[in-house]
Engineer: 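Here you go, one structure.
Because the structure is predicted, anything quoted here is derived from the model rather than measured. Below, chains carry the letters A, B, ... as their sequence lines are ordered, and counting in each starts from 1.
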Protein chains: 2
Amino acid sequence: MVAATLKDVAELAGVSVKTVSNVVNGYAFVKPENRRRVEEALAATGYRPNVGARNLRRGRTGFLALVLPELSIPYFGELAGLVINAGHDQEWNVLIEQTLGTREGERATLGALGPHMVDGAIVSPEALHANDFEELSGGVPMVMLGEHAVDVPVDRVGIDNVRAAEVAVRHLVAIGRTRIAAIGQHPTRGTAALRLAGYRSALTEAGLPVREELIAPALNYHRRDGATAMADLLALPEPPDAVFCFNDLLAIGALRAAAERGVRVPGDVAIVGFDNNEESAYSLPSLTTIAPDKRAIARAAVDLLRRRVSGEEGLAPQQVHVPFALEIRESTS
Amino acid sequence: MVAATLKDVAELAGVSVKTVSNVVNGYAFVKPENRRRVEEALAATGYRPNVGARNLRRGRTGFLALVLPELSIPYFGELAGLVINAGHDQEWNVLIEQTLGTREGERATLGALGPHMVDGAIVSPEALHANDFEELSGGVPMVMLGEHAVDVPVDRVGIDNVRAAEVAVRHLVAIGRTRIAAIGQHPTRGTAALRLAGYRSALTEAGLPVREELIAPALNYHRRDGATAMADLLALPEPPDAVFCFNDLLAIGALRAAAERGVRVPGDVAIVGFDNNEESAYSLPSLTTIAPDKRAIARAAVDLLRRRVSGEEGLAPQQVHVPFALEIRESTS
DNA sequence: TTGAAAGCGCTAACAT
DNA sequence: ATGTTAGCGCTTTCAA
């Protein structure tokens with residue numbers, strides 16, 4: 001029993017393909033008698049539309065690309081799940097591509113995204129340059145995730161990173177910390193610059209000095225990088241009494257570095273993360289963190305794409321800010 | 001500059017579509033002169049093949065479905081990344097579908113996988129019944145991930161769960177524990193039964209009694225379920241001195257429940273997990289766990305699928321066992 | 001070695 | 001209300 005086609009069904013029902021197509025697509029007015037016969041034939045043959053053919057005809061692919069660094073990174077795993085769901089709501093299947101967060105990888109992936117491969121792409125760039133974007137977009141509508149230094153006329157969805165960082169640091173100030181460090185400085189990551197700006201401004205606002213030695217860089221944003229950076233901070237003559245990490249993985253690493261040195265959290269040093277990964281509610285201690293509304297990010301991105309794809313030409317590039325919250329947990333109480 | 005077609009390129013180069021197609025597909029013998037002109041035209045138009053049309057013609061889709069409970073679960077996030085990579089090696093794009101681990105969800109997803117949607121599917125079933133499988137496979141070649149009670153003539157890839165559980169429990173015996181509990185009993189999960197069997201056999205082999213009150217059920221395999229189960233175990237008149245958790249998330253939850261009650265790990269109770277999620281190397285204490293070779297799982301699954309799709313008919317359903325290792329960390333030392 | 005043309009399964013004019 | 005038919009862009013006989 002090899003896949004039945006519209007034609008097969010039509011023959012079995014004794015009607016034309018058009019009628020079958022109409023029934024299948026829930027179309028118009030079909031004589032009840034015919035509808036019944038078509039439906040029977042449909043069931044009898046176990047007909048399933050050939051999506052490829054349908055899309056070829058319709059001039060769409062039915063696919064959406066989600067381009068991100070790596071699915072094994074909790075934040076992206078969680079986000080991807082939500083994007084898949086949001087995509088389904090718009091009859092899109094989501095194709096996930098991994099770039100490893102390198103410019104190489106990002107260029108290669110965008111370049112491979114032919115105009116026929118997908119109807120649009122949701123991209124979470126980490127290292128892309130502005131001109132890469134223009135060069136490689138290939139006419140595929142795109143939405144960028146997260147705020148970025150890169151200035152490209154493209155829709156973006158994310159939270160207000162400067163404000164979020166301010167909220168995080170203000171919280172540390174509010175619980176009485178004065179030597180507040182930051183982990184995650186990075187030369188090219190767009191969000192790093194923004195979170196750092198928020199960190200600085202919150203300190204200044206509180207009348208606290210910004211000490212450059214308390215701003216720790218991170219080559220990557222993995223757990224091990226957080227541990228390394230935290231080790232360096234704790235080795236300072238005057239170590240910090242609080243640390244704002246630019247993501248939860250860094251914070252988890254920082255937690256471990258502290259524990260290994262017998263430094264108590266939050267007793268000796270309070271820690272705040274960013275992203276609200278599921279694991280952060282279960283770390284020991286659990287992690288206070290900035291919780292972006294990931295569901296809103298996924299929905300807004302897909303929605304923006306839908307509007308672009310359905311050809312709202314005049315629409316200027318949008319910058320959508322979704323809500324975030326400070327999730328206060330044990331690492332700061 | 002709307003997407004150029006083969007025809008456009010042919011006209012520009014002054015040759016037939018066939019010749020262009022030949023060049024594009026690196027085919028046969030093309031007169032050098034013509035080849036040059038085609039290549040120029042190709043570059044000038046920025047031609048990209050329409051994958052949908054190509055696949056329609058070729059009778060394949062170029063897509064592979066990866067059906068799993070949820071991408072936000074670390075194990076599946078990590079695995080999905082590896083499957084995507086393995087798929088690319090065989091010129092497949094991977095489509096991820098989430099079932100939430102319910103029979104409902106699994107049935108719906110498999111049912112939606114028309115024969116035209118994907119060339120094959122890699123399925124990680126959690127609740128599927130044997131007849132669901134036959135009813136819904138719709139002729140799409142499938143590979144199942146993990147061992148399962150469900151007996152269906154389908155290729156499977158996974159580790160030897162009974163042996164792995166034995167290795168885990170033997171380790172607990174080896175470090176001198178005698179009241180060894182298990183967390184993760186479940187009425188329908190295939191792996192639960194196998195891991196429990198390994199648990200029992202390792203205890204028996206060590207001459208230790210199997211105490212039913214030390215076998216804790218888990219409705220789900222999330223962190224919170226591990227915490228709940230651990231709380232129950234610790235409330236026993238004679239609490240365990242070791243716990244074997246059927247996955248790392250349960251173990252992470254157990255770690256927290258212990259910490260909240262002032263129970264020291266591994267001092268008072270040693271804990272072993274299963275899966276080797278990335279986070280388990282950074283928990284406090286870090287988690288001893290069974291580490292399946294996930295890369296091997298991904299590769300074997302894709303490879304099996306490739307063989308099925310390319311129509312090796314006579315091939316009997318395979319059961320592939322990939323290697324695993326016991327990763328010893330702080331939670332048992 | 002290349003061209004012409006059929007057709008993959010579907011949708012949407014157009015005609016009836 | 002339904003049938004006929006022309007393609008969507010591509011690959012692939014079949015001829016030339």
Engineer: Can you tell me the distance, in whole Å, between the CE atom of Met117(A) and the P atom of dG9(D)?
Structural biologist: 17 Å
Engineer: Atom CD of Glu33(B) and atom C1' of dT2(C): how far apart are they, to the nearest Å?
Structural biologist: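 Those two atoms, CD and C1', are 14 Å apart.
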Engineer: Which residue lies toward the 5' end of DNA chain C, Val15(B) or Val17(A), if each is placed at its nearest nucleotide?
Structural biologist: Val15(B)
Engineer: Each nucleotide N or O in nucleotides 13-16 of chain C that has a protein N or O under 3.5 Å away: list the pair and distance.
Structural biologist:
none

Engineer: Distances under 3.5 Å between protein N/O atoms and the N/O atoms of nucleotides 7-10 of chain C, please, pair by pair.
Structural biologist:
unit_1  : atom_1 : unit_2   : atom_2 : d
dG7(C)  : N2     : Arg57(B) : NH1    : 3.0
dG9(C)  : N2     : Ala53(A) : O      : 3.4
dC10(C) : OP1    : Tyr47(A) : OH     : 2.4
dC10(C) : OP1    : Asn50(A) : N      : 3.0
dC10(C) : OP2    : Leu6(A)  : N      : 2.5

Engineer: Suppose we screen for side chain to side chain donor-acceptor pair (under 3.5 Å). Which residues come up paired with Asn50(B), at least two apart in sequence or across chains?
Structural biologist: His116(A)
Engineer: Residues two or more places apart in sequence or in another chain: which of them pass side chain to side chain donor-acceptor pair (under 3.5 Å) with Asn25(A)?
Structural biologist: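 With neighbours one apart ignored, the set is Ser21(A).
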Engineer: Kindly write out the residues that satisfy ring pair (Phe, Tyr, Trp, His ring centres under 6.0 Å) with Phe63(A), not counting sequence neighbours, or none if the list is empty.
Structural biologist: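 Listed in chain order: Phe63(B).
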Engineer: Could you list the residues that satisfy side-chain contact (heavy atoms from CB on, under 4.5 Å) with Gln318(A), not counting sequence neighbours?
Structural biologist: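 Counting only residues at least two positions away or on another chain, Gln318(A) forms a side-chain contact (heavy atoms from CB on, under 4.5 Å) with Asp155(A), Leu304(A), Arg308(A), Leu315(A), Val320(A).
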Engineer: Without decimals, in angstroms, what is the distance between Lys31(A) NZ and dG3(D) C1'?
Structural biologist: 12 Å
Engineer: Does a side-chain N or O of Asn55(B) approach OP1 or OP2 of dC10(D) to a distance below 4.0 Å, or not?
Structural biologist: no
Engineer: I'd like to check the side chain to side chain donor-acceptor pair (under 3.5 Å) partners of Arg107(A); sequence neighbours left out, ordered by chain and number.
Structural biologist: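 Side chain to side chain donor-acceptor pair (under 3.5 Å) check on Arg107(A) returns Asp132(A), Glu135(A).
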Engineer: Would one find more than 12 heavy atoms of other residues, nucleotides or ligands at under 6.0 Å from atom CD of Glu91(A)?
Structural biologist: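 No, CD of Glu91(A) has 12 or fewer neighbouring heavy atoms, counting only those of other groups under 6.0 Å.
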Engineer: Hey, can you pull the donor-acceptor pairs under 3.5 Å for the side chains in residues 66-73 of chain A, sequence neighbours left out?
Structural biologist:
none

Engineer: Would you mind reading off the distance between Glu11(B) atom CD and dG3(C) atom C1', rounded to a whole angstrom?
Structural biologist: 14 Å
Engineer: With axes from five pairs an end, tell me the bend angle of the helix from dT1(C)-dA16(D) to dT16(C)-dA1(D), nearest 10°.
Structural biologist: 40°
Engineer: Holding to side-chain contact (heavy atoms from CB on, under 4.5 Å), I want the full list of residues that pass it with Val51(B), two or more places apart in sequence or in another chain.
Structural biologist: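 By the side-chain contact (heavy atoms from CB on, under 4.5 Å) rule, Val51(B) matches Met117(A), Asn55(B).
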Engineer: Would the number of heavy atoms belonging to other residues, nucleotides or ligands and lying under 6.0 Å from CD of Gln319(B) be above 12?
Structural biologist: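 It does: Gln319(B) CD has more than 12 such atoms within range.
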Engineer: Just to verify, what does Val24(B) make a side-chain contact (heavy atoms from CB on, under 4.5 Å) with, not counting sequence neighbours?
Structural biologist: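 By the side-chain contact (heavy atoms from CB on, under 4.5 Å) rule, Val24(B) matches Leu6(B), Val20(B), Leu42(B), Tyr47(B), Arg54(B).
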Engineer: Check side-chain contact (heavy atoms from CB on, under 4.5 Å) between Gln90(A) and all other residues, then give those that pass, not counting sequence neighbours.
Structural biologist: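 Expected list: Trp92(A), Val302(A), Asp303(A), Arg306(A).
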